[in-house]
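Remarks on the structure that follows.
Because the structure is a prediction, the values reported are computed rather than measured.
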Amino acid sequence: MDNNSESNRSKIYYTISETADMFSVTPTLIRYWANYFPQIKPHKNKKGNRLFTPADIETFKRIYHLTKECGMKLEAVSQKLDTPDDEFERREEIRQKLQTLKSIFEAVNIELDNIDRKKRETVVWSSADEEYPPMEPAYGSEPEAPYDQDKGVPLFIFKSEE
């Protein structure tokens, strides 16, 4: 739905073309919805053109959301339109908050991936820098990690996996 529809809210009636432009759909679809849903009651001028009130626009907003964004079938949408507006508004507010949280979590996930990548690329710890009693590998086996022969301690160095 276009954001410029907010500036048109002061009008008393909207033509079918204006209504279609608000939702980026064809006038044919608006005409179909107006005929299908009894909740929409367009006024007609002397020429017979449909004119929609702000209340009709709000109903179109709900229809658009439920059909285009939620993917509901028209029968289910018709039943949903019979629910009180305050419930719809509450659910819409919750949906907006969830969208915001989703985008925040996606940003955090990207940041964690960047931190993890940087961590893998740096040397994390080397035990050769500290004093430990010499450790010898078990008889007949090779050490699994790099081994400092002078100090007798294993070296722990993490390198990038990429």
Side-chain angles (χ1 to χ4, degrees), residues 1-11 14 17-30 32-33 36-37 39-40 52 54-138 141-162:
M1 190 175 93
D2 288 341
N3 288 336
N4 63 1
S5 65
E6 294 297 326
S7 62
N8 293 335
R9 297 275 182 216
S10 61
K11 291 179 73 172
Y14 301 91
S17 297
E18 291 171 330
T19 306
D21 289 343
M22 286 181 201
F23 298 97
S24 300
V25 297
T26 62
T28 307
L29 182 59
I30 297 296
Y32 180 77
W33 284 348
Y36 187 88
F37 296 103
Q39 295 88 347
I40 299 173
F52 300 102
D56 291 332
I57 300 300
E58 288 301 314
T59 305
F60 278 125
K61 181 180 177 182
R62 291 181 71 188
I63 293 169
Y64 180 86
H65 169 70
L66 294 171
T67 57
K68 299 294 185 181
E69 295 173 356
C70 296
M72 292 178 68
K73 294 186 177 187
L74 294 180
E75 293 173 6
V77 172
S78 185
Q79 292 173 356
K80 281 276 190 187
L81 289 177
D82 292 333
T83 61
D85 285 342
D86 58 337
E87 181 179 336
F88 173 76
E89 294 298 326
R90 185 180 60 81
R91 287 178 186 233
E92 183 65 21
E93 183 180 329
I94 290 170
R95 189 181 70 78
Q96 290 292 336
K97 287 179 181 179
L98 289 173
Q99 288 286 16
T100 302
L101 286 174
K102 180 182 176 187
S103 62
I104 290 170
F105 286 137
E106 287 172 349
V108 167
N109 193 25
I110 290 170
E111 193 63 32
L112 287 174
D113 286 345
N114 290 338
I115 291 170
D116 188 43
R117 187 179 313 110
K118 288 177 185 176
K119 184 178 178 182
R120 284 182 280 152
E121 292 172 352
T122 59
V123 175
V124 177
W125 180 71
S126 172
S127 65
D129 296 337
E130 305 200 16
E131 293 296 325
Y132 289 102
M135 294 173 33
E136 295 294 328
S141 68
E142 292 292 322
E144 294 179 11
Y147 194 76
D148 185 349
Q149 295 292 335
D150 295 334
K151 293 187 177 182
V153 293
L155 299 174
F156 296 96
I157 300 174
F158 295 99
K159 295 183 180 177
S160 176
E161 297 174 359
E162 297 176 22

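Lys11 places none of its side-chain heavy atoms less than 4.5 Å from the side chain of Ile57. Contact check for Asp56 versus Thr19: no side-chain heavy atoms found under the 4.5 Å cut-off. Inter-residue side-chain proximity for Val77 and Phe37 is flagged as met; some heavy-atom pair is nearer than 4.5 Å. With a 4.5 Å cut-off on side-chain heavy atoms, Phe60 and Gln39 do not count as touching.
Atom OG1 of Thr59 sits about 11.5 Å away from atom NZ of Lys61, to the nearest 0.5 Å. Distance CD/Glu58 to CD1/Ile63: 11.5 Å, rounded to 0.5 Å. Of the inter-residue distances, the one linking Tyr14 atom OH with Ile30 atom CD1 reads 13.5 Å to the nearest 0.5 angstrom.
Gln79 is linked by a side chain to side chain donor-acceptor pair (under 3.5 Å) to nothing, counting only residues two or more places apart in sequence or in another chain. Not counting sequence neighbours, the partners of Lys97 by the side chain to side chain donor-acceptor pair (under 3.5 Å) test are Glu93.
Taking the six-membered ring for Trp and thresholds of 30 and 60 degrees, Tyr64 and Phe23 have ring planes inclined between 30 and 60 degrees apart.
Across every non-hydrogen atom of Ala20 and Pro27, the tightest pair is CB-N, 3.7 Å. For the residue pair Lys80 and Met72, the shortest heavy atom distance occurs at CG-CE, 3.6 Å.
Around atom CD of Gln96, more than 12 heavy atoms belonging to other residues, nucleotides or ligands sit under 6.0 Å away.
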